[in-house]
Amino acid sequence: SQKIEQNSEALNIQEGKTATLTCNYTNYSPAYLQWYRQDPGRGPVFLLLIRENEKEKRKERLKVTFDTTLKQSLFHITASQPADSATYLCAPSGAGSYQLTFGKGTKLSVIP
Amino acid sequence: DTEVTQTPKHLVMGMTNKKSLKCEQHMGHRAMYWYKQKAKKPPELMFVYSYEKLSINESVPSRFSPECPNSSLLNLHLHALQPEDSALYLCASSPPRGVLEQYFGPGTRLTVT
């Protein structure tokens, strides 16, 4: 069966450093991989989507990579700020599929 | 208008009550979703509506009954719920061009007593 692993439940990082979050998947060949941010008690917010034929995608201080050979996506936040503290969810998805299955998330804390 | 709204924000109901959760979007999205999220867990898909037709039901118990009256509205009717159904219920929508990003509402915090 499909498995999605975000291999850190929690990640603490000093303000100004780069945070790197990992998403691994098995028994699956997604066409897309999406990253969301969720604050406590709120709905997830879409951040970035990367397609299987893209190696890297950037948006402001965010960067996502997608390695279909390693079955892994990395999510980077550069120059991290305390306001970046949240839970980050990855979600691989298939082409033409409405189903979005989330990883368990990584709770990022940026320490001033 | 670039948001998904949900009402109510909080709901407390007894096991014999009937209540409804409402979701609305005016972004022209033609796919709408209900998710359930328990504490410290990721959202889990319950239902998907595509062009106002139910396209996915993830084996959800019949005490949850979805309804899509039009392309902007999505309801979730609740009846005879159990305490373990207490959770954050999230509505989402996505653009009509296919499965790409989903836009979530703030959720309804449901407590079943």
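Proteins come first, then strands; the chains are lettered A, B, ... in the order of their sequence lines, and each starts at number 1.
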Exercise for the section: Mind telling me whether A/Tyr36 and B/Phe104 have parallel, tilted or perpendicular rings, with 30° and 60° as the class edges? Expected result: perpendicular

Exercise for the section: Go through the steps to decide whether B/Gln102 and A/Gln34 satisfy the test side chain to side chain donor-acceptor pair (under 3.5 Å), and finish with yes or no. Expected result: CA-CA 9 Å; B/Gln102 293 188 15; A/Gln34 303 183 38; over 6 Å; no

Could you see if [X] belongs to whatever hydrophobic cluster contains [Y]? Use Ile, Leu, Val, Met, Phe, Trp, Tyr and a side-chain cutoff under 4.5 Å.
X	Y	answer
A/Leu70	A/Trp35	no
A/Leu100	A/Ile4	no
B/Val60	B/Leu110	yes
B/Leu76	B/Leu81	yes

At what distance, to the nearest 0.5 angstrom, does [atom1] of [X] lie from [atom2] of [Y]?
X	Y	atom1	atom2	answer
B/Leu90	A/Arg42	CG	CZ	11.0 Å
B/Glu101	A/Leu48	CD	CG	10.5 Å
B/Ser50	A/Tyr98	OG	OH	3.0 Å

Completion exercise
B/Pro42 and A/Phe102 have their tightest heavy-atom pair at CB-CB, 3.7 Å

Handout entry: Shortest non-hydrogen separation from A/Gln99 to B/Leu45 and the atoms involved
Key = CG-CD2, 3.7 Å

Problem - B/Tyr35 side chain vs A/Gly43 backbone, donor-acceptor pair below 3.5 Å - result: no

Take atom [atom1] of [X] as the centre, draw a 6.0 Å sphere, and report whether it contains more than 12 heavy atoms from other residues, nucleotides or ligands.
X	atom1	value
B/Lys41	NZ	no
A/Glu60	CD	no
A/Lys57	NZ	yes

Exercise for the section: Check whether any side-chain heavy atom of B/Pro43 sits under 4.5 Å from a side-chain heavy atom of A/Leu89, and report yes or no. Expected result: yes

Handout entry: Per-residue contact mode, A/Glu9 against chain B (heavy atom under 4.5 angstrom)
Key = neither

Fill in the blank from the handout: Honestly, the part of B/Glu58 sitting under 4.5 Å from a heavy atom of chain A is side chain

Problem - chain A contact via B/Glu44 - side chain, backbone, both or neither, heavy atoms under 4.5 Å - result: neither

Practice task
Write out, in numerical order, the residues from residues 103-110 of chain A with a heavy atom short of 4.5 Å from a heavy atom in chain B.
Solution key: A/Gly103, A/Lys104

